[in-house]
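Chain letters run A, B, ... following the sequence lines, proteins first, then strands; residues in each count from 1.
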Amino acid sequence: MSRRGGLQAGTLALPWPMGGASAKGGAAADRSVLAVTVVLALVGLVMVFSASAVVAGNRYHDSIYFLKRHLVWLAFGFLLLQASSRLDYTVWRKLALPILAVTCLLLVLVLIPSLGVVAKGARRWLRLGPISVQPAEMVKLVVVLYLAGYLTRKEGRITEFARGFLPPLLVVGLLAGLVLLQPDLGTVVVIGLVTLGLLFLAGARLVHLFGLVPFVLPAAAVLIWKSPYRLQRLMTFLDPMKDPTGAGFQVNQSFLAFGSGGLFGVGLGEGEQKLFFLPEAHTDFVLALAGEELGLVGTGAIMLCYAALVLKGFQIAARAREPFGRHLALGITLLIGLQALINAGVVTGMLPTKGLTLPLVSYGGSSLMVNLLAIGILLSVSRDRQGGQGGGIGGR
Amino acid sequence: MTTKDPYRGRRIVAAFLLMMGFVLVLFRLFSLQVLQAEELTARADRQHRKTVTVEGGRGGIYDRQGNPLAINMDVPSVFGVPASLENPSGVARDLARVLHIRADEIEKKLKQERSFVWIARKVDPEQGRSLERLSLDGIGTVLEGRRFYPKGPLLAHVLGFAGMDGQGLEGIERRYESYLRGEKQLVVLQRDALGRTVFPKGLNEQAPAAGHTIMLTIDEVIQYITEKELDEAVAASKAKGGIAIVMEPRTGAILALAISPKFDPNIVKGISADRWRNRALTDAYEPGSTMKVFIAAAALEEKVMEPGTMVYAENGRMTVANTVIHDHEKSGWITFAQVIQKSSNIGAAKTAMALGEERAYRYLRAFGFGERTEIDLPGEAAGLVKEPRDWGRRSLASIAIGQEIGVTALQLVTAASAVANGGWLMKPYVVSDIRSSQGQVVAQFGPQVRRRPISAETARTLTGIMEGVVTNGTGSRAAVSGFRVAGKTGTAQKIDPQTGAYSSTLFVGSFTGFVPAEDPRLAIVVIVDEPHAEAWGGVVAAPVFRKIAEQALPYLGVSSRAPVRLAMASY
């Protein structure tokens, strides 16, 4: 366990020594991050197949319909990961603004009725030839790239309000506004939290950060009040048993899946909840299916994988040679960690329902590609560490 | 640079908060999956019991002209919703009167703590209507597909049958189960305002797709002719049973396949598996003299014999390996053609010996004996052809006269077809195509050549010899006026199960042949098992061949040859 950053020593034990092997220095990418990524991706592959086989068989007469697509995305994603981990991450600093501009454009395009594809009441997909992409998934990583660049430029001046703290909030606010029009509140929450987290970690003044609360809360209240489905979701969250066949259906079915799984699960492919009861068993609610088929042992292992990924991410950030790398690593870590936490919170009924995937595990091409690219960038940062500095989470 | 990093503390705080988040999730998972597991599992079970599987109708089976042989009828099934019953015993009495089921049995079902119970599946439509007139609260009917075979016993052994839940249990129904079966849908029963369980509305709008339709190569008319003639012959000779197969020699398509005695697939309760087994392919038997045809084919192909080659028939008695082989008709020197036509055992044994063990074995295997024909029906047997190294000293002679070898009727007709079609061993098949419920062809099956055991010339020569069997040999009763018939009789002694030796009273009489010899359209095998009195294949089986051919050829529009018309005119 990390030696100097000992605060979290009691909460989590990693299955491999931290810092020890890499303390000798060298430019190899962090192997444990790659290993955890591969494990999560494989778990995802198995669960996606198990979750979707029956539905795909019924809907497309091809039980491996989703599996085939997931495999293709995984293959492309890992190519992207390999490429980006070998690429010098500082190029992203120069690319951040152009990518930001392109993403804005895509977010506008997806809102145009003739271009954006509507599914389940939201206009989220852009059809590009044979594939469709979700610009909102890209936004998450783009925000991290932009903020990492911005915070590097404004190193030391972030404590000023008008010239340090406010500008990134306006930029992210614009992006969030566009995403909200789709509507996709889940993504907005994730990019909001990542932004606040990065500003906090870069030294923004706590007065500024807490000063946002009186602005954010009323805005959230209005958003929820003005859209009936969000209000319904919130009410459902507060009392899921009130209407088990209606709005509470998803979360209720999720509970039943977790409960039937017990400690060791009912066995791979044996889950009954996925047979039309558990909606989105291969996307947003894949953790519930893992809960049913693999039990607490499986879900616990999955959550520990994310925790390990987060700790390694902080370690990589602490050892980064330059501020841009540090901000980048922290942003990516927050992005994946927070999304995993929020998804787990939703699926276990601790948070109201949002359309968020479980990163690296859920079915969904855009999400998978973006997350694997993010891991690739994180690996690239890990190559550029300072030799001999153990560091742990806090660094020195 | 890190030494200047002032925000290490903030990173520790952030990491700590995230870790607390993970700990929270783990606690929550522990609570759901361990502490609440029992209660949630029970609820999940209850929910699953509240589902009903709705299935699209099973696909139909049709003959080559599109006549229905197996179809689905929608008949009512009666279900109860115990929770909404106030007076279960009264309702049970009412139901019992209509359904003719014991009231106490129904009452027991209605008192179960379930939200849905079947009371009677697939009842008479008339009973369903009476129930609807009663309109009992908490009792409902839903239409389910019941399998119905409109032609009764016709083709029953090939069709097989399906069980109560529409699952194929035998024959085509079983082999093509995955195609015939309709699409499955799980429907969660919903509650209306009064808390009654109901089938969701709009069930019919999103009804699951029906299963595929199977089109057979079987022709209903030829099948009817074949079954009728076989049944009559079996009855007339007081035989134990019989098998007849009609095949299209050029393609391997089965036109008819009859087993006697028959059964009605609409009523399979209480019928033993013995009755519905498709013995034409599940049972191997010792074919007797029919085998001589294929030994002759080998001898001709290998140029060991020619039709005119003289063979000494030892005046009806020859000793092989300390045992004696007899001929039923004592002869001296006869031609090779006469060996087949008179069905000389001694001549056949000598032919096989001239071929030698290795070649005889190779040709038998080439004709498909000892291996499955790969027909698209379940339960096929491979028969038994021992390898030469397992043969005794008499084996070669025995095999030549159809002993020490086990073949199925299907193997025989397929091998005979190879002689008929110029030497091609075809793969037999009964399904010509599979269509979706919308009528699109999903899969199509055509002739498939497996191999070529003999040349066209050998086939032609052998056909000539086999014509002699009918014109002036043992198979004269197979002759069809107006057509040239080629064939071979077979009379095999059965092994007496008590003594383990060949019985002198239990026989299998058969005739295998094809017609018209010059351009065969039908290859037919007829087997009569344990006929009483006359057991000769030429007597019990050959006439069945004739009667089937006499009716099937005109039906197929095959014209008889000109010389016969003259002959008929002359008398």
Side-chain angles (χ1 to χ4, degrees), chain A residues 5 7-8 11-12 58 61 197 200-203 245 252-253 255-263 265 272-273 275-277 291-292 295-296 299-300 303-304 306-307 310-311 314 317-323 326 330 333-334 337-338 340-341 344-345 348-350 386 389 391 393-396, chain B residues 1-51 53 56 178 183-191 200 206 208-209 212 436 442:
Chain A
L7 240 179
Q8 67 292 335
T11 58
L12 189 97
N58 262 1
H61 291 281
F200 169 76
L201 290 167
T245 53
N252 241 300
Q253 295 302 332
F255 286 168
L256 297 189
F258 278 117
S260 330
L263 197 52
E272 289 197 305
Q273 285 294 98
L275 299 170
F276 314 104
F277 290 117
E292 187 183 11
L296 181 62
T299 52
M303 292 326 288
L304 288 181
Y306 286 111
V310 167
L311 290 179
F314 273 98
R319 291 190 196 154
R321 203 182 289 276
E322 55 165 322
R326 186 176 71 233
L330 288 172
T333 305
L334 287 178
L338 282 170
L341 272 178
T348 56
M350 295 193 294
Q386 296 152 344
Q389 303 294 327
I393 296 214
R396 260 201 276 180
Chain B
M1 210 177 281
T2 42
T3 44
K4 282 186 236 155
D5 177 8
Y7 304 118
R8 183 176 161 236
R10 287 195 173 193
R11 283 208 298 278
I12 292 173
V13 170
F16 178 73
L17 287 176
L18 281 168
M19 288 308 120
M20 286 318 290
F22 283 111
V23 169
L24 201 61
V25 167
L26 286 173
F27 268 121
R28 177 68 176 169
L29 287 171
F30 179 76
S31 152
L32 283 172
Q33 303 202 258
V34 177
L35 302 181
Q36 292 170 257
E38 210 168 314
E39 185 220 326
L40 290 171
T41 310
R43 264 178 53 206
D45 280 353
R46 246 176 292 149
Q47 164 171 293
H48 295 162
R49 258 188 283 140
K50 254 188 278 178
T51 60
T53 313
S178 60
E183 194 190 51
K184 248 188 193 175
Q185 244 178 30
L186 261 187
V187 176
V188 185
L189 296 175
Q190 295 167 351
R191 283 160 188 236
Q206 43 174 329
H212 293 319
S436 75
V442 176

>> Is there a side chain to side chain contact (heavy atoms under 4.5 Å, CB included) between B:Arg28 and A:Met303? Walk through the geometry before answering.
In response: CA-CA 12 Å; B:Arg28 177 68 176 169; A:Met303 292 326 288; over 6 Å; no

>> Does any backbone or side-chain atom of B:Val34 lie under 4.5 Å from a heavy atom of chain A? Answer side chain, backbone, both or neither.
In response: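 Looking at B:Val34, just its side chain touches chain A.
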
>> Is B:Leu35 in contact with chain A via its backbone, its side chain, both, or neither, using a 4.5 Å heavy-atom distance?
In response: neither

To check you understand the geometry: which heavy-atom pair defines the closest contact between [X] and [Y], and what is its length?
{"X": "A:Leu341", "Y": "B:Gly21", "result": "CD2-C, 3.4 Å"}
{"X": "B:Leu40", "Y": "A:Phe255", "result": "CD1-O, 3.4 Å"}
{"X": "A:Thr299", "Y": "B:Gln33", "result": "OG1-OE1, 2.8 Å"}
{"X": "B:Ala37", "Y": "A:Gly262", "result": "CB-CA, 4.3 Å"}

>> Quick check for you: among A:Gly261, A:Gly291, A:Gly197, which has the greatest number of heavy-atom pairs under 4.5 Å with chain B?
In response: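 Heavy-atom pair counts peak at A:Gly291.
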
> With chain B, which of A:Gly295, A:Ala317, A:Gly337, A:Ala340 has the greatest number of heavy-atom pairs at distances under 4.5 Å?
Replying inline: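 The option with the most such pairs is A:Gly295.
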
Could you grab the distance from atom [atom1] of [X] to atom [atom2] of [Y], nearest 0.5 Å is fine?
{"X": "A:Leu311", "Y": "B:Phe22", "atom1": "CG", "atom2": "CZ", "answer": "8.5 Å"}
{"X": "A:Leu201", "Y": "B:Arg8", "atom1": "CG", "atom2": "CZ", "answer": "14.0 Å"}
{"X": "A:Leu304", "Y": "B:Leu26", "atom1": "CG", "atom2": "CG", "answer": "5.5 Å"}
{"X": "A:Leu296", "Y": "B:Leu32", "atom1": "CG", "atom2": "CG", "answer": "10.0 Å"}

>> Quick one: does any side-chain atom of B:Arg10 pair with a main-chain N or O of A:Phe200 as donor and acceptor, under 3.5 Å?
In response: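 Confirmed, B:Arg10 side chain pairs with A:Phe200 backbone.
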
